Amino acid sequence: MSRNRPRLCVDMDEVMADAVAEHLRRYNLEFGERITVADLQGRWLWDVVEPSRHATLEDYLRSADFFAVLQVMPDAQRVLRALQDEYEVFIASAAMEVPSSFTAKYEWLARHFPFIPASNIVFCGDKSILKADFLIDDNPRQLRRFTGQGVLFHSHHNIACTEFPRVRNWLEVEAMFLRASRHSM
Ligand SMILES: [Mg+2]
């Protein structure tokens with residue numbers, strides 16, 4: 001039965017988990033600055049932080065607790081649970097970008113998304129390896145590599161991207177992927 005359901009892959013950082021908020025919090029705390037997400041429109045954090053501090057930005061990502069403390073994006077838990085009724089849902093994170101993050105990411109998923117089985121979690125590098133019908137991701141580079149239908153999750157750095165259908169939040173994911181079932185209710 002499950003084989004008949006479309007397969008949906010979902011990215012973690014900036015889609016399920018608010019990584020940029022934690023990144024900004026640590027950076028602002030250490031350097032006494034007040035950079036906000038509003039300052040990052042169309043840019044990555046690396047684009048607004050001077051190069052001499054880039055190593056520090058990398059160190060935040062490598063710290064053992066960074067990925068453990070991230071806030072869950074609003075409505076992500078409820079909508080993902082509902083999506084499981086109609087899709088074969090996989091979590092696909094390019095965790096190889098920060099190999100030391102595996103344990104923290106896995107434990108974060110187990111804590112906040114216990115209804116997603118470990119067998120449906122994929123830590124990868126290049127998402128062209130995914131064989132799925134859909135991928136929801138904030139990174140246009142990964143969506144370009146993906147061979148199914150890409151859906152761009154809105155994020156500060158991708159506001160100029162027009163190549164993919166865009167969802168601004170999880171309510172829009174719900175509307176895009178579960179519209180048919182809602183209408184039949
Ligand atoms: Mg991401």
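Predicted model, so just to flag it, every value in this text is computed and none were measured. Remember, it's 1-based here, ligands and their atoms both numbered in the order they're listed.
Protein N/O/S atoms found under 2.8 Å from the Mg ion (ligand 1), listed by chain and residue number: Asp11 OD2, Asp13 O, Asp138 OD1.
For Glu86 (side chain) and Leu178 (main-chain N/O), no donor-acceptor pair under 3.5 Å exists by modelled atom type. Not one N or O on the side chain of Glu107 forms a donor-acceptor pair closer than 3.5 Å with the backbone of Ala68. Formation of a donor-acceptor pair under 3.5 Å by the Asn158 side chain with backbone atoms of Ser155 is found in this model.
Placement of Leu29 and Val48 in two distinct hydrophobic clusters is found when ILVMFWY residues are connected by side-chain heavy-atom separations under 4.5 Å, directly or transitively. Placement of Trp46 and Phe67 within a single hydrophobic cluster is found when ILVMFWY residues are connected by side-chain heavy-atom separations under 4.5 Å, directly or transitively.
Cation-pi contact between Arg166 and Phe153: absent, since separation from the ring centre below 6.0 Å together with deviation from the ring axis within 45° is not met.
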